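What follows is a short report on a single structure.
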Amino acid sequence: MRIPEWMLFLRSWLRHPRRVGALAPSGPALAALITAHIPRGGASVIELGAGTGVFTRALLARGVASDRLVLVEADPAFANALRHQFPALRIMQMDAAQLGMTGDFFGGERAHVIVSGLPLVAMPVEQAVAIVHCAFARHLAAGGAFYQFTYVPRRPIPARYLEAMRLRAVRVGIAWMNFPPAFVYRFERRFDAAGHQRPGTRPLSEVVAQATSSTSLDTTRFSRTPSLDSSGAGQSTDGSPSS
Ligand SMILES: C[S@@+](CC[C@H](N)C(=O)[O-])C[C@H]1O[C@@H](n2cnc3c(N)ncnc32)[C@H](O)[C@@H]1O
């Protein structure tokens, strides 16, 4: 029997309020805004923090093909419900901070877009930086974009970290009809006139090393935690299928 969406959300929120990071699932206005710039036809998309599947439904309605959409969700109850709701999709039950430990999700191709419902602002900034860095370094194609919503009217990652990662954040719009109203940002690589990624003010490796080592991120844990997909045969940390 399918658990009503609000009950599933409430149960996960009561267990892990910080990880869920919202009082209610996103509404249709936010789902429409965060998916509005996804090219129709052929885009490969990774959704981070899929929750009850509000953005997933909008992505499918926009024409993203089932074999071009991968969901990443840490919460086992959400992940199970997503498997029932979207049996044709690949669902990775894993911490998005493990993105640097997996291979690409599309058989040798990188994703065009990442859509994120992760509560980046509520995370330690080191964790948020590690996730965004790994998303670009490992998963997004050259012109790829990372869409993120936030309830606070500022970049979800502080400017100095974005600079160091050679990224920029562009505000895409505001979903006033969401509860609460939400801002959507797009992270994208910064290129100079010659098409090279603009150098940051500090070496990227330094910033990311500092970001991932200084606080609560236990990176040793990741190597012992293979990610699981919906079939139970996940990928090992080097990206090859695990047995
Ligand atoms: C604010 S809810 C958004 C859910 C849904 N996308 C929506 O907009 O209604 C955040 C979601 O991110 C998931 N999440 C939080 N931290 C995560 C992490 N480190 N890795 C993967 N998923 C995470 C939570 O379990 C939850 O489903």
Side-chain angles (χ1 to χ4, degrees), residues 3-35 38 45-60 69-83 85-86 89-102 105 113-135 138-139 146-152 156-157 175 177-185 211-212 215-219 221-222 225 227-229 234:
I3 307 172
E5 198 165 304
W6 65 267
M7 198 186 285
L8 176 66
F9 196 90
L10 181 66
R11 268 192 355 201
S12 293
W13 185 85
L14 288 171
R15 282 194 202 117
H16 297 287
R18 249 184 108 86
R19 185 166 75 188
V20 173
L23 293 174
S26 300
L30 176 54
L33 179 60
I34 203 165
T35 57
I38 292 176
V45 180
I46 301 171
E47 184 186 348
L48 304 179
T52 56
V54 178
F55 296 164
T56 317
R57 289 191 286 275
L59 288 164
L60 293 170
L69 177 57
V70 172
L71 312 185
V72 172
E73 172 54 58
D75 184 296
F78 280 145
N80 277 333
L82 288 165
R83 280 178 195 126
Q85 198 182 163
F86 306 107
L89 298 186
R90 186 166 178 207
I91 294 152
M92 310 286 287
Q93 188 201 315
M94 60 180 265
D95 187 331
Q98 287 179 287
L99 281 176
M101 308 284 180
T102 69
F105 294 151
V113 176
I114 289 181
V115 171
S116 168
L118 296 174
L120 282 192
V121 169
M123 291 177 183
V125 69
E126 298 77 11
Q127 186 179 0
V129 167
I131 290 171
V132 173
H133 166 63
C134 293
R138 213 57 193 253
H139 291 278
F146 185 122
Y147 290 91
Q148 174 70 48
F149 81 85
T150 169
Y151 301 124
V152 290
I157 300 266
M177 297 303 283
N178 193 63
F179 172 75
F183 303 81
V184 173
Y185 283 85
T212 50
T215 60
S216 57
L217 261 194
D218 174 10
T219 47
R221 179 168 63 88
F222 302 150
T225 314
S227 43
L228 297 176
D229 67 14

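Owing to the predicted nature of the structure, the values given are computational and were not obtained by experimental measurement. Counting from 1, the numbers follow the sequence of the chain as shown. All ligand and atom numbering here is 1-based and tracks the order in the structure.
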Geometric N/O contact [X] with ligand 1, under 3.5 angstrom:
X: Ala96; result: yes
X: Ala74; result: yes
X: Asp75; result: no
X: Ser26; result: yes

Check [X] against [Y] and note the closest heavy-atom contact, atom names and distance.
X: Pro156; Y: Thr150; value: CG-CG2, 4.0 Å
X: Gly117; Y: Phe55; value: CA-CE1, 4.1 Å
X: Gly100; Y: Cys134; value: N-CB, 3.5 Å
X: Val54; Y: Ala31; value: CG1-CB, 3.9 Å

Go through ligand 1 atom by atom and flag the ones less than 4.0 Å from a non-hydrogen atom of [X].
X: Ala22; value: 1 (C)
X: Phe55; value: 6 (N), 8 (O)
X: Met94; value: 20 (N), 21 (C)
X: Asp95; value: 18 (C), 19 (N), 20 (N)
X: Val20; value: 1 (C), 2 (S), 10 (C)
X: Pro25; value: 9 (O)

Task: Side chain proximity check, Gln93 to Leu82, heavy atoms < 4.5 angstrom - done: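 Contact flag for Gln93/Leu82 side chains = no.
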Open item on the list: Using side-chain heavy atoms (C-beta onward) and a distance below 4.5 Å, is Ile157 in contact with Val129?
Closed with: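 Ile157 vs Val129: side chains touch.
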Considering only the protein, which heavy-atom contact is closest to [atom], and what is its distance?
atom: atom 16 (N) of ligand 1; value: Arg19 CG, 3.5 Å
atom: atom 17 (C) of ligand 1; value: Leu118 CD2, 3.5 Å
atom: atom 4 (C) of ligand 1; value: Gly49 O, 3.5 Å
atom: atom 3 (C) of ligand 1; value: Gly117 O, 3.4 Å

Open item on the list: When you measure from the heavy atoms of Ala97 to every atom of ligand 1, does any distance fall below 4.0 Å?
Closed with: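 In this structure, Ala97 fails to qualify as a contact of ligand 1 - no heavy atom is under 4.0 Å.
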Open item on the list: Heavy-atom pairs closer than 4.0 Å: do any link ligand 1 to the side chain of Ala50, the backbone, both, or neither?
Closed with: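 Just the backbone.
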Open item on the list: Which residue in the set Asn178, Leu23, Val121 passes side-chain contact (heavy atoms from CB on, under 4.5 Å) when paired with Tyr151?
Closed with: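 Among the candidates, only Asn178 passes.
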Task: Nearest neighbour of atom 24 (C) of ligand 1 from the list Gln127, Gln93, Glu73, on a heavy-atom basis - done: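 The nearest heavy atom belongs to Glu73.
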Task: Check ion pair Arg57-Glu47 (N to O, under 4.0 angstrom) - done: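 Not counted as a salt bridge, because no side-chain N and carboxylate O are separated by less than 4.0 Å.
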Check: residues 73-80 side-chain donor-acceptor pairs under 3.5 Å, at least two apart:
{"from": "Glu73", "atom 1": "OE1", "to": "Ala50", "atom 2": "N", "distance (Å)": "3.2"}
{"from": "Glu73", "atom 1": "OE1", "to": "Gly51", "atom 2": "N", "distance (Å)": "2.9"}
{"from": "Glu73", "atom 1": "OE2", "to": "Asp75", "atom 2": "N", "distance (Å)": "2.9"}
{"from": "Asp75", "atom 1": "OD1", "to": "Ala77", "atom 2": "N", "distance (Å)": "2.8"}
{"from": "Asp75", "atom 1": "OD1", "to": "Phe78", "atom 2": "N", "distance (Å)": "3.1"}
{"from": "Asp75", "atom 1": "OD2", "to": "Ser12", "atom 2": "OG", "distance (Å)": "3.3"}
{"from": "Asp75", "atom 1": "OD2", "to": "Arg19", "atom 2": "NH2", "distance (Å)": "3.3"}
{"from": "Asn80", "atom 1": "OD1", "to": "Arg83", "atom 2": "NH1", "distance (Å)": "3.0"}
{"from": "Asn80", "atom 1": "ND2", "to": "Pro76", "atom 2": "O", "distance (Å)": "3.4"}

Task: Any donor-acceptor N/O pair, Gln98 side chain to Asp95 backbone, under 3.5 Å - done: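 Side chain of Gln98 to backbone of Asp95, a donor-acceptor pair under 3.5 Å: yes, one is there.
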- [ ] Give a yes or no on whether the ring-centroid distance for Tyr147 and Phe149 is below 6.0 angstrom.
- [x]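 Ring-ring flag for Tyr147/Phe149: false, centres at least 6.0 Å apart.
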